[in-house]
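Report on one structure; see the data block that follows.
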Amino acid sequence: MEDSEKTNQIVVLLIGPPGSGKSTFSDTVMRSSLRPWSRICQDIINNGEAGTKAQCLKMALSSLKEGNSVFIDRCNLDREQRSEFVKLGGPGIEVHAVVLELPAQVCISRSVKRTGHEGNLQGGRAAAVVNRMLQSKELPKVNEGFSRVMFCYNDADVEIAVNTYIKLGPMDTLPSGCFGEKKSDTKSQPGIMKFFKKVNALPASSSNEATNAMRKANEKTENSRLGSADIVHTLAFPSISTADFQFDLEQASDIIVEKAEEFLPKVGTARLVLVDLSHGSKILSLVKAKASQKNIDSARFFTFVGDITKLRSEGGLHCNVIANATNWRLKPGGGGVNAAIFKAAGPDLETATRVRANTLLPGKAVVVPLPSTCPLHNAEGITHVIHVLGPNMNPNRPDNLNNDYTKGCKTLREAYTSLFEGFLSVVQDQSKFPKRSNQTALSDSGSLEDTRDSGKKMSKEWSTWALALHTIAMHPERHENIVLEFSDNIVVINDQYPKARKHVLVLARQESLDGLEDVRKENFQLLQEMHNVGLKWVDRFQNEDASLIFRLGYHSVPSMRQLHLHVISQDFDSDSLKNKKHWNSFTSSFFRDSVDVLEEVKSQGKANVASEDLLKGELRCNRCRSAHPNIPKLKSHVRSCRSQFPEHVLQNSRLVARPET
DNA sequence: GTTCTAGAAC
DNA sequence: GTTCTAGAAC
């Protein structure tokens, strides 16, 4: 919203099924607000009876003419239903959406219990109505024309939203953007919605969690038909050691959530799914609760009830990689998940496993590619099984840890680390060679060791424009006009197209270090030097302007040859920042903070790189994470956003800022 | 990496 | 009509 046009009226579309609390929301705001509001409720608009959309529109228009702001109190669940109300917006009138995305059970039980509800939705019919409505639900996006969208998933969120509107005086405005959204709802295609309805009609559960997972799953199933390059990598894994090995559930769930949180940023857009066969699974509910407490993205880490060998055919969830909680001999049998997976995969899995390993130590994992002849591969779309061995706490079994949880927790952590790193190696291999046919991809790397560049250094081909940095790094003395400083190991230059007020590059001078992927343990010293030189420039810039805040880091996949460290101020106030790729390359996890790279190279000998898919993601504010429909709107929001930076960025000195004076 | 531009979105 | 994006060429 430009400053020149003063906004003082708001149309708030409340979005949610019956029982989600739309009427309560508007009533609560109207009771305490200083701003004049009208509530347009389709259920009572016709002299206390239900009316039509047209009547609502007409009444909204007349309320706006009187100078009131309005609540549109009808379900508004799909885009088409909302479109005409969005058009009420214009000069001086903003349109907001408040999404009441409460669990279906809550809405159903509320609308069943309701006696005085104006909509006259009674008894058992309510459940059917709510369910049907939720199936055609389309969550709103900022690009529908809303200047602001706010998501509420529970009563606490609702309270925050209510207070936001209560506090809003007659002339106040709210920041634009999309707030509080938990899952990144990728483009929903009509075909997918249809497909979703079909699968959802299966006898399976009606729980919110399963429904969500199912919807996500189907988006991906659909994608995989379009071509394997579009697949959303998904790892389904059972809880390790908590079944037969009797590991304590509280501690195990802590470790699962901790490790998932650690790995999610590393695996690009890939997803992790904890699977259990039984509905009342204690471990699933513990993990689910802890993950939501930590605000972990529920679209990328969630729990799922089903048979891990039949997730696609029976659960509608396509996972290209599954984990097996195995035994040390890597043999079939023993019951539980191990028996089930070996049985479903047939002899192919045993043969393929033998090629990789004969035995496994606790805490370790081994990645096994499945041949396309394997039933799990062609029926379920599973390309890799990762065997994991967890700690054994079962006193009735040999070699148990005799209740030593210090050791047990350490080994369990190690097991999940090995598992997720194995998954990461699958994701990276496939994104590195996206165009290869399935057949050749399969014969490739399955081990945890990096075998990719040992044989062939099929060095990437670089276009001429991409060689500029390399040339400067090799001959800094020939480029005096642009080089700020150089030594034997590094060159510092201003980025030719700075994406922020201050943006310099620290180039490595070593030949053959083209990008982050080439970095190994032996380059640690060099990376440290680059980091220190970067910090020195930050210090200089902050001496000139103490309000500048910096991040230092690398692009996961650079466009230009020669390893270069970006030192960039976080205002992103620059005309050269023009598109989504620019923005996401510095503000998504595609940007690998130098401190993290250093840590990873030190501990694991190489740095993790994120997928290029991240560059296509939504445009979100680097501070408050609100989403915006296009670059100009994003930039105008970012100019004025004073929110604190996200927790992750604030930690481990990823952000370099002067203390406030 | 940028520039240019067709055509989608508004 | 204008604004904005995305893809091709460099």
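Proteins come first, then strands; the chains are lettered A, B, ... in the order of their sequence lines, and each starts at number 1. Note: hydrogens, waters and symmetry copies are ignored here, and every other heavy atom, side chains too, is used.
Screening residues 553-574 of chain A for salt bridge (charged side-chain N to carboxylate O under 4.0 Å, His left out) gives A:Arg501-A:Asp573, A:Glu511-A:Arg561, A:Asp514-A:Arg561 as the qualifying pairs, with residues at least two apart or on separate chains.
At the heavy-atom level, A:Lys499 lies under 4.0 Å from the strands shown only through sugar-phosphate atoms. Using a 4.0 Å heavy-atom cutoff across all strands shown, A:Leu469 reaches no nucleic acid atom at all. Counting any heavy atom pair closer than 4.0 Å across all strands shown, A:His564 reaches no nucleic acid atom. The residue A:Asn579 sits apart from the nucleic acid: no heavy atom pair falls under 4.0 Å.
In this structure, a donor-acceptor pair under 3.5 Å is absent between the side chains of A:Gln9 and A:Ser69. With hydrogens and angles left out, the side-chain atoms of A:Arg74 and A:Gln81 include a donor and acceptor closer than 3.5 Å.
Note that the first and last nucleotides of DNA chain B, 5' to 3', having any atom under 4.0 angstrom from a heavy atom of chain A are B:dG1 to B:dC10.
Of the listed residues (A:Phe586, A:Trp537, A:Phe550, A:Tyr554), just one forms a ring-ring contact (aromatic ring centres under 6.0 Å, His included) with A:His566, and that residue is A:Phe586.
Taking a 6.0 Å sphere around CD of A:Glu477, one finds it holds more than 12 heavy atoms contributed by other residues, nucleotides or ligands.
In summary, the aromatic rings of A:His555 and A:Phe590 are positioned with their centroids under 6.0 Å apart.
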